[in-house]
Amino acid sequence: MNDVPPGTAFENRRAVKDAKLHKESEAGISWGRDGEDERAADAIVLNNGYEDDVDEWHEITYTGAGGQTRNSNSQTFDQSWENKGNASLRRSRLMGNPVRVIRGSQGEAAYSPASGYRYDGLYEIVSDWDEVGRSGFRICRFKMIRLPEDRQDLTSLEQQVKEILDRGEVGAGGDADAQVRRRRATIDRIVRDTAVARRVKTLHRFICQVCSISLQISADGRSYAEGAHIQALGGPEGGPDVDGNVLCLCPNCHIKLDRGALYLTDDLHVVDRFAGADAPRRVPLRTVEGHQVQKRFARAHRRFWKIMDEYGSN
DNA sequence: GGGCCCGCAGGG
DNA sequence: CCCTGCGGGCCC
């Protein structure tokens, strides 16, 4: 169902809806029912409908629904968390459901299509809060961060449910809700491998280049690691899928790198910006023969996260 | 399944 | 700029 690749263009809202990317014909927030029968958002449209929206491509500060009279994009009264769209986005933030982002031609010029609409992939809602907006009324806010390219093939909320129904597991298992929850709990650990990632992981014998952990996943001594891109793939300024841009990392270090909590210095040390008192703040990157990390990707990663290297390189 | 309400349309 | 209209949710 969600086999539509990011970058796909649509003429109008009707076409977006027909492709099942977003259910509404006009509203910005689309939702469905999750495994616990709660409303959970699955998609948003970003089309300059709200004056407080901020779009920086990889990071979006979205405004919730409501607070304005039709056909105006300025706020005339307070928004509410009771609003179904706002509540559903909050629910997706809580449950970790990514949302599809569709950009319309009225949005931020640098990142929006010239006409019509474009599906731009999955974003994770990382926080929600409310504040007073530009016009002086309370608005609901959501910060969303684009999932890295190797996680863009995650199934959508509906597809998780649909797959279970299609397989007939509901009748057999008896507890559809539990199965949906179980899938959701594991789904964002699925990471697609490329040949480059496999080669780098094999060279490192699946040992994390940051924390040196070797995650044992079977009795025969096999271990698990992920190929992590330093400069993320895709997007307007995406990095390449080459050895020099890939690290062999454990899942914990991978997510920290993807979120900018870890960064690399020019002399290939790793800095944990939010390390606790008991954890090392700066460690050398583990190296092996035959795998050379290129510092230009470390620079691109720091630039992307607006990180000033406190240890000198920039 | 009908009536009603609503909105980041769409077209003048 | 204003006005019409459509589909989804949701209540009967």
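Each chain gets a letter, A, B and so on, in the order its sequence line appears, and its residues count up from 1.
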Requested in this report: Identify whether any heavy atom of A:Asp53 sits under 4.0 Å from a base atom; if not, whether one sits that close to sugar-phosphate; answer base, sugar-phosphate or nothing.
Outcome: base

Report task. Could you tell me which residues satisfy salt bridge (Lys or Arg N to Asp or Glu O under 4.0 Å) with A:Glu82, sequence neighbours excluded, listed by chain and number? Result -> none

Query raised in the report: Can you check the A:Glu26 CD to C:dC3 P distance for me, whole Å?
Result: 16 Å

Report task. Check whether NZ of the Lys or CZ of the Arg A:Arg141 lies under 6.0 Å from the centre of the six-membered ring of A:Tyr62 and within 45 degrees of that ring's axis. Result -> no

**Report entry** Plane angle bin for A:Phe142 and A:Trp81 - parallel if under 30°, tilted between 30 and 60°, otherwise perpendicular
**Finding:** perpendicular

Query - Joint hydrophobic cluster, A:Trp57 plus A:Ile125, side-chain heavy atoms closer than 4.5 Å - result: yes

Report task. Rounded to the nearest angstrom, tell me the gap between atom CD1 in A:Ile29 and atom P in C:dG8. Result -> 17 Å

Requested in this report: Please state how far atom NE2 in A:His22 lies from atom P in C:dG9, giving the value in whole angstrom units.
Outcome: 11 Å

Report task. Name the nucleic acid region contacted by A:Tyr62, choosing base, sugar-phosphate or nothing; use a 4.0 angstrom heavy-atom cut-off, strictly under. Result -> base

**Report entry** Opening and closing nucleotides of DNA chain B in contact with chain A, under 4.0 Å to non-hydrogen atoms
**Finding:** B:dG7 to B:dG10

Query raised in the report: Side-chain contact, heavy-atom cut-off 4.5 Å: A:Val200 with A:Thr202?
Result: no

Query raised in the report: CZ of A:Arg13 versus C1' of C:dC6: gap in Å, rounded?
Result: 12 Å

Query raised in the report: So what's B:dG3 paired with, Watson-Crick or G-U wobble, going by both distances under 3.5 Å?
Result: C:dC10

Query raised in the report: Going by atom types only, do A:Asp243 and A:His291 share a side-chain donor-acceptor pair under 3.5 Å?
Result: no

Requested in this report: Could you check how far CH2 of A:Trp31 sits from P of C:dG8, rounded to whole Å?
Outcome: 12 Å

